[in-house]
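Below you'll find the structure I mean.
Each ligand, and each atom within it, is numbered from 1 in the order the structure gives. Fair warning: this is a prediction, and the values are worked out from it, not measured in the lab.
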Amino acid sequence: MIADYLPLLSALVAFLFGLAAGKAWERYKLHEGRWIDRRKARQSPHYIQGLNFLVANQLDHAIEELSQAARVDEDAVEIHMILGNLYREKGQVGRAIQIHQQILQRPRISKLEHTYALLCLGLDFTRGGFVDRAHEAFGEVLRLDPSNEHALLQLQKLYEDQNQWAEAYRVRRELAREDEPERRTRRHLQIQAFLENELGMQALSRHDLPAARKHFESAIELDAEVAPAYLNLGDVKRDAGDMAGAVEIWEHLIASMPTRAHLVADRLGDAYMAAGRADAFEHLFRRIATDHPQDWRARLALSRHMLRAGRPEDALQMALAALTINPHALLVHQAAWDILLDLNLDKASVERYVTHSRDAVFYRDPHICLRCRYRSKELLWRCPHCHEWNSFVEDRLAPARPSEDSDA
Ligand SMILES: [Zn+2]
């Protein structure tokens, strides 16, 4: 829910900052030969009330109050701009587009207002799925303000959605250039690294192995923690017959990100086995499990490895250790069931599993507060976190596949 509002909020915040800081915002404006006070609408109680509702995420009330404030002064561009954004967030894209286009047609708006109205329009078009028109709007913003971060970021996302990774990469570099060098550099490199990885996958799909390799290597060089690039680079090397090179890359992933080790567990398990180093896997993953007491995935990988090696009792022990750390992962329970079946449902082993499951700290019947997202293991009538009444609903994930008889 919070994430849905991020584009709106970031645009709003930027806009309001722009107003506070910019001399572009004229408090008084010459209108048909007389100075009018543009503060009028903002001093209306409806404006303040509307902003309060906005902060509380109550969009309908915010729209109602801000519409009243806008009626006090039709010249209050920023209020109309916000109203348009609120309609967009509610899914009324047509209405949002109309409002933002009307702002652009006003004869006397400042360059700053013009730029932000275009930015809002671009967000409307994006939300409505009008990709070409969104591109146009953001392009227009950048012509007015070449370093506009919001427009660059939106353009990058548009390119990503169309799988145009090279273009997305170009825009991201533009963004990195505009940013202050010491700020968010790591984040820029990280995103560039993921885009390099996508370029590598694109090269793979056209069977250009040398280009793919180069992209994966550049990705790792940009950011040592871009996990998928290690997987892909290792796979390319393995498929080219360079098993030692592949193992080196996957071990490198574990050295950079020990808690991501499970990602390469199957690959390394097979490789060690083929090289006659069966012990290497257990040695490596036991060390990871010891160094990271909360790493249930490393324990699960060990458990699987032990079951494959014909040691179901060891495997069960390890699976129960994983279960204690994260009892909510269905993966762990499924691994335990596989082991119990392998043990022909040996009664003592089944009892060990049942006891461990019962003693684990579970959200047995998870509920969530609609207002503040507080989680509870049962239905509550008053939220202990935000103190709202009757705000809890069952916290249930939709089935990954709709079941056959769901509408029976
Ligand atoms: Zn709450």
Check: Can you give me the SG-the Zn ion (ligand 1)-SG angle for C372 and C383, to 10°?
Finding: 110°
Note to self: With a 4.5 Å cut-off on side-chain heavy atoms, are M201 and F216 touching?
What the structure shows: yes
Next item on the list: Rounded to the nearest 10 degrees, what's the angle SG of C369 makes with SG of C386 at the Zn ion (ligand 1)? Could you check?
Entry: 110°
Checklist line | M243 atom CE, neighbour heavy-atom count above 12 within 6.0 Å | finding: yes
Checklist line | Residues D124, R127: salt bridge by 4.0 Å N-O rule | finding: no
Item checked: Check: F392 ring centre within less than 6.0 Å of H367 ring centre -> no
Margin query: Is H387 close enough to the Zn ion (ligand 1) that one of its N, O or S atoms comes in under 2.8 Å?
Written below: no
Margin query: When you measure from the Zn ion (ligand 1) to the N, O or S atoms of H385, does any of those distances fall below 2.8 Å?
Written below: no
